[in-house]
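These notes concern the structure reproduced below.
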Amino acid sequence: MSTSESDLRVRFAPSPTGALHIGGARTALYNWLAARHSGGELVLRIEDTDLERSTPENVGQILDALRWLGLDWDEGPISQVGRAEAHSAALEQLLESGAAYRDSATADDVKAWKAEHGVDRGYRGSPSADGVGAVRLRVPDDGDTVVDDLIRGEVRFPNRSYDDFVIARGDGSVLYNFAVAVDDADMGITEVIRGDDHLSNTPKQLLVFEALGTDPPRYAHVPLLHGPDGKKLSKRHGAASVQELRDAGYLPEAIRNYIALLGWGPGDDETLLSTEDLVSRFRPEDVGKSSAVFDEKKLRWMNGRYMRDMPLDEYRTAVRAFVEAETSGRPLNESRFEFGCEIVQEKAQTLQEVWPLIRFLFEPPVQDEKAWRKVMKADADRVLTEVEAALFEVAASEDGPNADGFTSVAVETALEPLPEKLELGAGKVFQPIRVAITGTTISPGIFESVAALGREETLARIEIARLKLSSD
RNA sequence: GGCCCCGUGGUGUAACGGUUAGCACGCCAGGUUUUCAACCUGGAAGCGCGGGUUCGACUCCCGCCGGGGCUACCA
């Protein structure tokens with residue numbers, strides 16, 4: 001828990017109606033960065049007043065996603081439902097003061113009223129005689145409610161275009177715009193950083209603050225994220241939730257770096273920014289105004305950069321979880337795994353891509369027929385015969401991955417002269433080996449791959465390939 | 001429909017009343033290379049449109065067009 005070095009208090013307030021989306025994750029990140037940058041505090045509040053859609057599973061999922069992303073909070077999670085008493089008290093206060101009233105008008109009544117008064121005219125009701133009905137807040141007829149937004153500047157909303165909006169249902173349970181304002185007030189939130197979709201709601205919340213007699217926080221509305229088709233980001237756009245990104249093999253730090261850049265830039269040409277950099281350089285007022293499109297291609301590239309920069313032991317730990325999922329926990333040759341990670345680190349862009357590249361170390365190769373036809377041509381048998389002879393000469397004191405005597409370097413020393421000796425291009429010599437031992441044309445470096453597989457297994461697979469060759 | 005927001009290459013961003021409009025991803029070509037990736041070099045690609053204001057506008061103003069949000073007794 002950080003000691004408070006500033007008065008800044010922000011909150012992240014997701015509604016648990018599903019997984020945490022990349023857009024929500026970015027909002028969380030911006031709040032977190034703002035808090036950590038200034039030494040302020042971040043409160044996590046769960047907006048669960050929609051009992052139909054808010055489930056404990058969803059709450060757990062969001063908390064997991066935040067933790068996995070490395071975003072911690074100083075207070076909470078606080079359930080909005082758990083604050084029902086505070087909400088009722090505030091509601092009573094407004095009913096007492098006359099700032100709000102009970103109105104029995106139905107949706108149809110409101111529609112009829114508007115038909116009569118004009119579409120740009122907000123509904124104005126009157127207290128029901130019997131004191132039943134939903135609770136509405138009185139909205140002034142004149143003037144503007146002004147949102148002084150950190151990102152948008154001053155935005156004016158004409159009061160007359162807003163309905164006397166419902167702040168509590170007939171049964172007394174409160175609605176979103178009311179609960180949010182009461183909670184932000186009670187929690188002493190000083191700055192609200194949230195999605196643009198709430199900009200139009202802000203006047204309502206401001207009106208609640210005014211009725212309550214409390215100073216409102218400052219607002220910073222960040223632009224929404226869109227999918228590649230320009231539409232609002234949704235589950236249809238592939239890996240759109242944090243959970244899916246995690247399953248696809250992305251690293252938390254890469255995601256933090258990438259989504260921070262969606263709508264914000266450090267001001268210079270830096271692209272790769274550590275979380276430390278982000279914390280020191282991020283300011284909500286520097287967030288741009290236009291919506292951004294989530295582009296997985298760039299995330300992939302960035303993730304690859306982070307994967308290559310990882311310390312090897314950390315890399316192995318991250319990869320292991322993915323490999324275990326692929327092999328359903330079947331024990332693997334540990335030294336092959338360790339060496340496999342080492343030789344594959346330069347190649348994969350996501351954790352998910354690692355297994356296909358090192359799979360040949362643990363299982364017989366699955367022959368890709370296209371690769372076979374492309375590589376196993378006329379010279380192949382002659383080449384493989386030479387390769388066998390050359391590898392046979394390499395003395396290995398034991399048979400294991402990168403074993404003493406049969407190291408990448410030793411293998412390279414043995415194979416490297418072959419192209420010249422056979423008067424063939426390097427590809428003509430090395431590709432058949434690759435296909436013989438891995439089944440495909442794509443693998444880690446050939447010398448490393450051979451060393452990782454070990455002498456005996458390599459020779460055995462080459463022999464199998466030669467047999468297949470003779471039967472072609 | 002009403003209220004509100006946004007509009008720099010395919011994507012994310014930078015600059016700004018006066019620059020050859022920069023950087024990154026992606027794309028294309030070439031190089032390197034044992035494949036892929038990485039790496040190196042080069043290239044195509046942008047200020048939504050129309051009016052103003054100004055000596056000068058991507059930048060300021062207006063209109064339009066396009067995209068988005070809100071408009072529930074949802075959040």
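None of the values given here were measured: they were computed from a predicted structure. Just so we're on the same page: letters track the sequence lines, and every chain starts at 1. Hydrogens, waters and symmetry mates are skipped; everything else that's a heavy atom, side chains included, is used.
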Exercise. Look at the side chain of Asn31(A) and the backbone N and O of Ile193(A), then say whether any donor-acceptor pair between them is shorter than 3.5 Å.
Key: yes
Quiz item: With a 4.0 Å cut-off on heavy atoms, is Ser443(A) in touch with a base, just the backbone sugar-phosphate, or nothing at all?
Solution: base
Quiz item: Is any side-chain nitrogen or oxygen of Arg305(A) closer than 4.0 Å to OP1 or OP2 of A37(B)?
Solution: no
Quiz item: Applying the side-chain contact (heavy atoms from CB on, under 4.5 Å) test to His221(A), which of Ile151(A), Asn201(A), Thr202(A), Val287(A) qualifies?
Solution: Thr202(A)
Quiz item: If you look at every strand shown and take non-hydrogen atoms under 4.0 Å, does Ser15(A) touch a base, only sugar-phosphate, or nothing?
Solution: sugar-phosphate
Quiz prompt | Quiz item: Lys297(A) side-chain donor-acceptor pair to C25(B) base, under 3.5 Å | solution = no
Exercise. Ignoring the backbone of Asp196(A), work out which of C4(B), C5(B), A75(B) is nearest its side chain.
Key: C5(B)
Quiz item: G12(B) P sits how many Å from Phe294(A) CZ, rounded?
Solution: 12 Å
Quiz item: With both distances under 3.5 Å as the test, what is the Watson-Crick or G-U wobble partner of C3(B)?
Solution: G69(B)
Quiz item: Which nucleotide, in any strand shown, forms a Watson-Crick or G-U wobble pair with A29(B), with both distances under 3.5 Å?
Solution: U41(B)
Quiz item: Whole Å only: how far is the NZ atom of Lys289(A) from the P atom of C4(B)?
Solution: 16 Å
Quiz item: Where the side chain of Ile446(A) is defined as all heavy atoms beyond and including C-beta, which of U34(B), C4(B), G10(B) is the nearest nucleotide?
Solution: U34(B)
Self-check item: Euclidean distance for P, G22(B) against G42(B) (whole angstrom)
Solution: 14 Å
Exercise. Please tell me which of the listed nucleotides, G26(B), U8(B), A75(B), lies nearest to the side chain of Ser290(A)?
Key: U8(B)
Quiz prompt | Inter-nucleotide C1' distance (U35(B), A14(B)), Å rounded | solution = 38 Å
Quiz item: Which nucleotide in the list G67(B), C4(B), U35(B) gets nearest to the side chain of Leu199(A)?
Solution: C4(B)
Quiz item: Is Leu175(A) touching bases, backbone alone, or none of the nucleic acid, heavy atoms closer than 4.0 Å?
Solution: sugar-phosphate
Quiz item: Given the P atoms of C65(B) and U11(B), what is the spacing between them in whole Å?
Solution: 22 Å
Exercise. To the nearest Å, give me how far apart CZ (Arg156(A)) and P (C4(B)) are.
Key: 11 Å
Quiz item: Just checking Asp269(A): base, sugar-phosphate only, or nothing, at a heavy-atom cut-off of under 4.0 Å?
Solution: base
Practice problem: Using both distances under 3.5 Å as the test, list the Watson-Crick or G-U wobble partner of C49(B), or none. | Solution: G63(B)
Quiz item: G46(B) and U59(B): how far apart are their C1' atoms, nearest whole angstrom?
Solution: 15 Å
Self-check item: Atom-to-atom span, CG of Asn257(A) to C1' of U13(B) - whole angstrom
Solution: 13 Å
Quiz item: Heavy atoms under 4.0 Å, any strand shown: does Glu346(A) hit a base, just sugar-phosphate, or nothing?
Solution: base
Quiz prompt | Sugar-phosphate, base or nothing in reach of Pro444(A), heavy atoms under 4.0 Å | solution = base
Exercise. Provide the distance between the two P atoms, one in C60(B) and one in A15(B), to the nearest whole Å.
Key: 13 Å
Quiz item: If the P atom of A21(B) is compared with that of C27(B), how far apart are they to the nearest Å?
Solution: 27 Å
Quiz item: Looking at U35(B), A75(B), U11(B), which one has an atom nearest to any side-chain atom of Lys347(A)?
Solution: U35(B)
Self-check item: Interatomic distance at P, G51(B) relative to C58(B), whole Å
Solution: 13 Å
Quiz item: Checking all strands, does His221(A) fall into the base, sugar-phosphate, or nothing category for heavy-atom contacts under 4.0 angstrom?
Solution: nothing
Quiz prompt | Residue whose nearest RNA chain B nucleotide is more 5′ - Gly133(A) or Glu412(A) | solution = Glu412(A)
Practice problem: Report which part of the nucleic acid Thr441(A) touches: base, sugar-phosphate, or nothing (heavy-atom distance under 4.0 Å, all strands). | Solution: base
Quiz item: Which nucleotide in the list G12(B), C70(B), C73(B) gets nearest to the side chain of Val293(A)?
Solution: G12(B)
Quiz item: What heavy-atom pair brings Ser104(A) and Asp109(A) nearest, and what distance separates the two atoms?
Solution: O-OD2, 4.2 Å
Practice problem: Rounded off to whole Å, could you give me the CZ-to-C1' distance for the Arg194(A) and C5(B) pair? | Solution: 14 Å
Quiz item: At under 4.0 Å between heavy atoms, what does Phe447(A) touch on the DNA or RNA strands: base, sugar-phosphate, or nothing?
Solution: base
Practice problem: Assign Arg308(A) to base, sugar-phosphate, or nothing according to its heavy-atom contacts below 4.0 angstrom with the strands shown. | Solution: sugar-phosphate
Self-check item: N or O in side chain of Arg160(A) less than 4.0 angstrom from G2(B) OP1/OP2
Solution: no
Practice problem: Assign each of Leu262(A) and Lys298(A) to its nearest nucleotide of RNA chain B by heavy atoms, then name whichever residue's nucleotide is nearer the 5' end. | Solution: Leu262(A)
Self-check item: Residues Arg461(A), Glu457(A): salt bridge by 4.0 Å N-O rule
Solution: yes
Quiz item: When we call it a touch if two heavy atoms are under 4.0 Å apart, what does Gly304(A) touch: a base, just sugar-phosphate, or nothing?
Solution: nothing
Quiz item: Do the side chain of Ser200(A) and the base of G69(B) come within less than 3.5 angstrom through a donor-acceptor pair of N or O atoms?
Solution: yes
Quiz item: Checking Tyr258(A) side chain against Asp295(A) main chain: does a donor-acceptor pair fall under 3.5 Å?
Solution: yes
Exercise. Check the distance between U35(B)'s C1' and Met376(A)'s CE and give it to me in whole angstrom.
Key: 13 Å
Quiz prompt | Span that lies between the C1' atom of G52(B) and that of A57(B), in whole angstrom | solution = 12 Å
Quiz item: Touch check for Tyr176(A), heavy atoms < 4.0 angstrom, all strands: base, sugar-phosphate only, or nothing?
Solution: base
Quiz item: Taking the side chain from Asp149(A) and the backbone from Val155(A), do they hold a donor-acceptor pair closer than 3.5 Å?
Solution: no
Quiz item: So, Phe282(A) versus Trp264(A), ring centres under 6.0 angstrom or not?
Solution: yes
Self-check item: Nearest-0.5 Å distance that lies between atom CG in Leu207(A) and atom CZ in Arg138(A)
Solution: 12.5 Å
Practice problem: Among the candidates C6(B), A72(B), G12(B), find the nucleotide nearest to the side-chain atoms of Asp163(A). | Solution: A72(B)
Quiz item: Gln431(A) has an atom CD; how far is it from atom P of U33(B), in whole Å?
Solution: 15 Å
Quiz item: How would you label the contact of Arg434(A) with the nucleic acid (heavy atoms, under 4.0 Å): base, sugar-phosphate, or nothing?
Solution: base
Practice problem: Once you apply the 3.5 Å cut-off to both distances, tell me the Watson-Crick or G-U wobble partner of C23(B), or none. | Solution: G12(B)
Quiz item: Which nucleotide sits closest to the side chain of Asp295(A): U13(B), G10(B), C4(B)?
Solution: G10(B)
Quiz item: Does a distance-only test, which skips hydrogens and angles, find a donor-acceptor pair under 3.5 Å between the side chain of Asn201(A) and the base of A75(B)?
Solution: yes
Quiz prompt | Rounded distance (Å) that lies between atom P of C4(B) and atom CD of Glu154(A) | solution = 14 Å
Quiz item: Looking for any heavy atom pair under 4.0 Å, which part of the strands does Thr440(A) touch: base, sugar-phosphate only, or nothing?
Solution: nothing
Quiz prompt | Aromatic centroids of Tyr250(A) and Tyr306(A) separated by under 6.0 Å | solution = no
Quiz prompt | Heavy atoms of other groups near Gln93(A) CD, more than 12 under 6.0 Å | solution = yes
